[in-house]
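Below is one structure, written out as structure tokens; comments come after it.
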Amino acid sequence: GTFVINVTRDMVVQNGARLSIGNVGDALVDTLELYLGLSDPSAPVASLIAQNGSSILTAPRPGDPVPHSVDLKIYGLASCTTNSKVDPAITINNSGEFWGVIYAPDAPLRILNSGSMYGSFVGYSLSIYNSGAFYYDSIIPLEQTEGPWYFEIERWWEETGPPPGP
């Protein structure tokens, strides 16, 4: 079944900790829906932080080697935002790992120092620093044909060589 968590302020996965969705006792939790913040934009700011070496993911489905991003859905509500570039609403820190989809239209996402995100992100901004990585999960359009996190790549362009000069 689906497990739902509502976090009205901050959620921090501490250094080396793991938030993993899968078998819970005798019950199988197939998916997690995490609602971050409150609908009232004047409410205190809410955030999600994956600290150094932490993981936020779902257990792989039987027979699959890796988690499915669509099994973990995070919805950033109106108070999931930030007042500065220094402290974004969603942060994946040093060697942190995240597998999932995030729909948080007012939230900036920052990936730092070898942190990795696998899935999709719809939000205010995305900043990747110091060997951070974002991998769009191409299985999403095959498994999820609706919802705010669904989009399909129609065109891809890469620039090779050194960046243009000033």
Side-chain angles (χ1 to χ4, degrees), residues 1-24 28-37 45-62 64-82 84-144 146-153:
T2 299
F3 190 69
V4 177
I5 298 175
N6 294 296
V7 178
T8 59
R9 287 295 303 264
D10 300 327
M11 180 174 175
V12 178
V13 181
Q14 294 290 341
N15 299 343
R18 181 181 183 122
L19 172 62
S20 181
I21 306 306
N23 291 324
V24 180
L28 175 63
V29 176
D30 297 325
T31 60
L32 169 66
E33 290 182 3
L34 171 64
Y35 294 87
L36 188 58
V45 172
S47 65
L48 170 64
I49 300 170
Q51 295 286 17
N52 306 338
S54 62
S55 299
I56 302 173
L57 49 87
T58 59
R61 294 177 185 173
D64 285 343
V66 297
H68 282 229
S69 298
V70 295
D71 292 343
L72 173 58
K73 298 177 177 113
I74 295 180
Y75 298 91
L77 303 178
S79 69
C80 182
T81 186
T82 188
S84 72
K85 292 181 181 179
V86 177
D87 191 21
I90 303 170
T91 302
I92 302 170
N93 276 319
N94 310 335
S95 300
E97 180 181 23
F98 177 87
W99 288 76
V101 294
I102 299 174
Y103 178 76
D106 298 319
L109 168 63
R110 182 174 62 180
I111 302 173
L112 298 165
N113 305 333
S114 300
S116 299
M117 178 177 175
Y118 303 85
S120 74
F121 172 69
V122 175
Y124 181 77
S125 65
L126 172 63
S127 300
I128 303 173
Y129 299 97
N130 303 332
S131 300
F134 178 90
Y135 302 96
Y136 174 70
D137 187 352
S138 61
I139 198 81
I140 293 170
L142 303 176
E143 291 191 349
Q144 205 72 41
E146 60 184 50
W149 49 85
Y150 171 80
F151 68 94
E152 192 170 357
I153 297 173

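These values consider heavy atoms only, across backbone and side chains, with no hydrogens, waters or symmetry-generated copies. All residue numbers refer to positions in the sequence shown, counting from 1.
- Take Ala46 and apply the side chain to side chain contact (heavy atoms under 4.5 Å, CB included) test, not counting sequence neighbours, and it matches Leu36, Ser79.
- The line from CG of Leu34 to CE of Met11 is 5.5 Å long, rounded to the nearest 0.5 Å.
- Taking Asn15 as the reference, nothing meets the side-chain hydrogen bond (donor to acceptor under 3.5 Å, both in side chains) condition, with sequence neighbours excluded.
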side-chain contact (heavy atoms from CB on, under 4.5 Å) assessment of Arg110 paired with Tyr129: CA-CA 8 Å; Arg110 182 174 62 180; Tyr129 299 97; 3.7 Å; yes
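- We find the CZ-CD1 distance between Phe134 and Ile92 to be 9.0 Å, quoted to the nearest 0.5 Å.
- At distances below 3.5 Å, at least one donor-acceptor pair connects side-chain atoms of Asp10 with backbone N or O atoms of Ser47.
- For Asn94, the side-chain hydrogen bond (donor to acceptor under 3.5 Å, both in side chains) criterion is met by Asn52, Asn113, not counting sequence neighbours.
- In terms of heavy-atom proximity, Gln14 sits nearest to Ser54 at O-CB, 3.4 Å.
- Here the OG1 atom belonging to Thr81 is positioned 10.0 Å from the CD1 atom belonging to Ile90, to the nearest 0.5 angstrom.
- For the side chain to side chain contact (heavy atoms under 4.5 Å, CB included) criterion with Ile74, the lone passing option out of Leu32, Val101, Leu48 is Leu48.
- Contacts of Ala133 classified as side chain to side chain contact (heavy atoms under 4.5 Å, CB included), with partners at least two apart in sequence or in another chain: Ser116, Tyr135.
- In this view, Val4 and Thr2, Asn6, Glu33, Tyr35 satisfy the side chain to side chain contact (heavy atoms under 4.5 Å, CB included) rule, not counting sequence neighbours.
- For Ser55, the side chain to side chain contact (heavy atoms under 4.5 Å, CB included) test picks out Arg18, Leu57, Glu97, with sequence neighbours left out.
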Please list every donor-acceptor pair under 3.5 Å in which a side-chain atom of residues 121-128 meets a protein atom from a residue at least two apart or in another chain.
none

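- Separating the CG atom in Leu19 from the CZ atom in Phe98 is a distance of 9.5 Å, to the nearest 0.5 Å.
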